2 protein chains.
Amino acid sequence: MVKITDVATAARVSAATVSRTLNNNEKVDPALAARVREAAERLGYRPNAVARNLRRQGTQVWALIITDINNPFFTALARGVEDVAQESGFSVLLCNSDEDIDKEARYLGVAEQERAAGVILSPRATTSDVSRLLASNIPLVAVDRGLGVSVDTVRADSVQGAVAATEQLLRRGWQRPACITGPADAETAEERHLGYQSVVRRLGLDEIVQHVRFQAEGGQQAVQALFDAAAPPDSLFVANSMLALGALAELKRRRLRVGRDIGLVTFDDAPWASLIHPTITVVAQPAYDIGAEAARILVQRIRKEGPTEPQQVLFGTELIVRQSCRRRKPHRSADTVPSTS
Amino acid sequence: MVKITDVATAARVSAATVSRTLNNNEKVDPALAARVREAAERLGYRPNAVARNLRRQGTQVWALIITDINNPFFTALARGVEDVAQESGFSVLLCNSDEDIDKEARYLGVAEQERAAGVILSPRATTSDVSRLLASNIPLVAVDRGLGVSVDTVRADSVQGAVAATEQLLRRGWQRPACITGPADAETAEERHLGYQSVVRRLGLDEIVQHVRFQAEGGQQAVQALFDAAAPPDSLFVANSMLALGALAELKRRRLRVGRDIGLVTFDDAPWASLIHPTITVVAQPAYDIGAEAARILVQRIRKEGPTEPQQVLFGTELIVRQSCRRRKPHRSADTVPSTS
DNA sequence: GTGAAAGCGCTAACAA
DNA sequence: TTGTTAGCGCTTTCAC
């Protein structure tokens with residue numbers, strides 16, 4: 001492995017000059033600089049980032065810890081983070097906590113030990129322990145879900161989105177909507193539940209809620225539980241697209257026809273939502289923008305610019321009405337049915 | 001930031017003893033060890049991994065560079081990598097090259113400079129330049145796609161899968177299958193094309209091929225081109241699920257009914273493939289296993305175990321027949337049509 | 001079994 | 001403008 005002193009020797013200058021040239025920090029004599037670059041090129045020199053990080057007491061790497069790499073919401077968010085990071089000279093270490101509090105803790109530990117320049121975290125629970133990170137003065141931005149402690153947070157308005165979704169079901173004439181959501185200690189799960197709750201309570205309807213893991217299997221289990229029960233719902237508000245995947249599969253298995261026998265609205269406009277039959281009515285979140293905004297805030301924190309108090313950014317959501325919330329019978333041929341929305 | 005000397009002072013021992021205790025390498029007097037652990041705990045000491053890496057001349061971090069984070073195939077593969085890495089004490093830095101040769105090069109550079117313990121790469125093209133990495137003696141395993149140079153490679157048998165897919169279309173009575181695939185310099189794209197080609201040539205059929213970007217937009221464009229042409233195909237073999245997403249959207253827009261007007265088989269069993277209408281016939285790859293196997297090989301390389309010559313692992317694929325390759329008309333109500341397969 | 005001391009490769013303060 | 005020097009925090013001989 002060729003190192004800086006090898007380049008220095010080859011270019012007949014000191015290591016400091018090589019460093020200065022390659023970091024083009026200070027003015028170096030063009031002739032020397034040329035010799036340095038030529039030597040570095042010829043020897044195939046790659047600066048050792050580990051040594052540089054140690055000396056500089058800091059890295060150029062972020063940890064982005066998300067709860068589910070299979071969820072298109074998070075991959076879109078990750079792209080938003082990545083694009084802004086790239087522009088600002090940072091690399092992104094993407095970690096999948098898999099909705100597992102231990103994995104999350106492990107990754108937070110790695111981020112701390114590797115002295116990440118910053119962390120963007122989608123917390124598994126509001127009680128996720130980030131105290132060590134804060135104690136280490138590593139800037140942290142929470143995305144999608146908030147934390148018990150006060151940190152920069154970027155998310156969408158889950159309550160409002162859930163209200164809109166539930167009201168849409170009722171507007172279409174459904175009368176017994178149930179809510180399938182994630183674990184109660186995950187902020188998005190609870191807020192979407194609360195939005196649903198506020199609507200059904202206001203109208204004096206039964207509150208029917210299933211808390212399950214935020215994964216396809218959870219959605220499947222929830223549908224099983226709901227429709228094996230004595231008084232099944234007539235429609236579903238589903239809190240994210242992974243749950244929807246499982247729920248739809250199970251409904252299909254039971255030959256319950258969405259948009260006819262059953263109404264359905266789900267959070268997140270997954271790529272397949274407009275493709276399946278019937279097309280799915282969704283509450284879309286600006287996932288990419290959430291990630292990009294979180295990244296912008298993180299850059300500010302690292303550079304110690306901007307406001308000192310924690311920022312709270314709340315994006316709006318958009319209800320995209322498609323076929324799955326319909327109640328009346330569709331035409332004969334499903335393929336040619338225009339959306340009734 | 002508390003460092004090892006602070007712990008040493010607090011525990012009234014030397015830094016060396018703290019290091020030995022915390023790495024439980026050598027035998028340390030239990031009494032001292034207890035004092036060290038107590039002090040480390042009390043002060044909230046976190047070893048600085050950057051310093052450790054420099055001293056040890058190596059890291060515990062892998063770079064996993066994939067071409068599309070939105071593609072469920074790659075996220076499943078990533079989970080396979082991650083699980084094995086975790087078991088073996090490594091962390092995985094996931095990088096999304098986004099089918100962009102420059103981004104890929106940038107990430108390869110980062111992996112090299114950060115002295116990654118190993119790299120798993122899904123090469124954008126067979127000509128992707130990994131020479132620097134090899135020169136730095138960083139173990140490299142190619143996944144999904146091969147490279148021009150001879151390195152450990154783990155992938156599925158694309159040719160065989162493409163042959164099976166194309167034959168399935170013909171078996172169902174389709175007579176003008178087209179192939180929608182990725183850029184010709186991506187190995188999977190070309191092999192899937194070749195599999196298709198071998199079948200249509202053998203039968204003397206027209207070879208109708210669209211090379212596009214391996215993304216949803218590409219699939220859309222390909223369908224536009226194919227069906228705006230003078231002699232459109234009657235069926236499609238699509239080389240991955242992202243292309244399929246775009247192709248299906250465009251077919252839907254054109255009111256071409258898959259499984260009736262148009263036959264379709266695609267690579268990759270995406271989560272939505274069995275959910276949409278009609279359900280999609282796919283060539284499934286063992287994505288998780290490919291990732292896990294690549295990770296196992298990488299561990300071997302890092303530990304300098306196992307065979308010295310490059311390993312080539314080829315997984316089989318599985319044709320899962322569903323509705324989208326049908327030709328005869330389905331029953332009236334699409335929801336209750338049983339699969340004809 | 002423990003401590004002293006060297007040094008991983010780089011950058012930044014200080015001298016020249 | 002350039003070189004000399006110190007030192008980032010840790011691990012690992014080497015001597016005791």
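Owing to the predicted nature of the structure, the values given are computational and were not obtained by experimental measurement. Throughout, a chain's letter reflects where its sequence line sits, starting with A, and its residues are numbered from 1.
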*Would you call Glu82(B) and Arg79(B) a salt bridge, using N to O less than 4.0 angstrom?*
no
*CD of Gln60(B) versus P of dC10(D): gap in Å, rounded?*
16 Å
*Using a 4.0 Å cut-off on protein heavy atoms (strictly under), produce a 5'-to-3' string for nucleotides 7-14 of chain C with B for base contact, S for backbone-only sugar-phosphate contact, and - for none.*
BBBBBBB-
*Just how far is it from atom CG of Asp68(A) to atom CZ of Phe214(A), taken to the nearest 0.5 Å?*
10.0 Å
*Given dA4(C), is OP1 or OP2 found less than 4.0 Å from the side-chain N or O atoms of Ser14(B)?*
no
_Salt-bridge contact Glu104(B)-Arg124(B) (side-chain N to carboxylate O under 4.0 Å)_ = no
*For Glu41(A), does the CD atom sit with more than 12 other heavy atoms under 6.0 Å from it, leaving out its own atoms?*
no
*May I ask you to evaluate whether Thr17(B) reaches the phosphate of dG3(C), defined as a side-chain N or O under 4.0 Å from OP1 or OP2?*
yes
*Rounded to whole angstrom units, what separation is found between the CD atom of Gln113(A) and the P atom of dC8(D)?*
20 Å
*Please identify each residue that fulfils side chain to side chain donor-acceptor pair (under 3.5 Å) with Arg37(A), with sequence neighbours left out.*
none
_Salt-bridge contact Glu38(A)-Arg35(A) (side-chain N to carboxylate O under 4.0 Å)_ = no
